[in-house]
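See below for the structure under consideration.
Note that these values count all heavy atoms, side chains included, but never hydrogens, waters or copies made by symmetry.
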Amino acid sequence: AALAASTSRVEIGPLVTPTSFRNPALTAKIVDTIDEISGGRVILGLGAGWHEPEYQAFGLPFDHRVSRFEEAIQIIHGLLRDGQVDFQGKYYSARECELRPRGPRPNGAPIMLGTTGPRMLRITARYADLWNVYFTRTGNSAAGIPPLRAEVDAACVEVGRDPATLGRTVTAYVDFTSKASGVSSMNPTGATALTGTPEAIADELRAYGEQGISHVQVYLEPNTLAGIEQFQPVLDALRDS
């Protein structure tokens with residue numbers, strides 16, 4: 001909300017917020033409010049959650065995460081898209097629930113889901129505007145996109161959706177610290193980072209566009225203002241191409 005109020009152009013939002021951390025109707029209200037503050041610049045990244053110690057610390061249930069997510073997304077999607085929902089499930093309910101006042105966009109903030117699992121891909125195909133994949137699943141390379149893209153397309157076909165209507169996004173890892181690889185909490189597979197000259201990094205990012213990716217999130221090392229400033233020449237190289 002602070003970023004929404006203090007910026008004017010950049011798109012904002014969580015890469016992933018687990019739906020199980022909050023009541024899903026409350027999540028929809030929060031997102032719609034921040035979308036209003038930002039003038040329609042929020043992208044809502046949602047997930048089922050994965051880090052059990054977080055759930056233990058806050059006393060949240062960790063069981064049946066995908067089933068809980070499937071109910072939560074129906075409530076969130078209904079409120080953001082239609083402004084109302086009447087839902088009764090096993091884990092959540094939102095009876096005769098309305099979202100008032102509506103945010104700045106008639107269909108609400110776009111929903112982005114990051115997954116490669118078959119069941120979650122079907123949920124993505126039904127409810128999401130954008131699909132995301134983290135760099136640990138692609139090997140931090142555009143070469144890792146084609147087999148995943150085929151699975152996403154198949155999920156869309158399975159639920160009766162035109163695959164072309166689901167946007168494709170990817171998270172890429174860029175390192176200016178000369179580490180280039182190594183296992184960490186944000187890089188559990190030890191994927192090799194994108195490094196080198198601004199032009200070389202720009203070429204790697206441009207390759208994602210050739211694989212049908214329309215939006216790239218960049219995880220920077222160092223993940224600081226200095227890292228953002230070091231990334232500026234990469235953006236310049238992309239704009240000049």
Problem set entry | Set of residues satisfying side-chain hydrogen bond (donor to acceptor under 3.5 Å, both in side chains) with respect to Tyr55, sequence neighbours excluded | Ser20
Problem set entry | Residues forming a side-chain hydrogen bond (donor to acceptor under 3.5 Å, both in side chains) with Ser214, sequence neighbours excluded | none
Problem set entry | Pair Lys29 + Asp32, salt bridge at N-O below 4.0 Å |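 Not counted as a salt bridge, because no side-chain N and carboxylate O are separated by less than 4.0 Å.
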Taking atom types as modelled and ignoring hydrogens, do the side chains of [X] and [Y] form a donor-acceptor contact shorter than 3.5 angstrom?
X      : Y      : result
Thr171 : Gln217 : yes
Ser67  : Arg119 : yes
Asp175 : Thr195 : no

If you take all heavy atoms of [X] and [Y], which pair is closest and at what distance?
X      : Y      : answer
Val157 : Pro163 : CG2-CG, 4.1 Å
Leu3   : Thr7   : O-OG1, 2.6 Å
Arg65  : Trp50  : NH1-CA, 3.5 Å
Ile34  : Ala4   : CG2-CB, 3.9 Å

Exercise. Would one find more than 12 heavy atoms of other residues, nucleotides or ligands at under 6.0 Å from atom CD of Gln56?
Worked result: yes
Problem set entry | Crowding at NE2, His64 (>12 non-hydrogen neighbours, <6.0 Å) | no
Exercise. By ring-ring contact (aromatic ring centres under 6.0 Å, His included), which residues pair with Phe135, not counting sequence neighbours?
Worked result: Tyr173
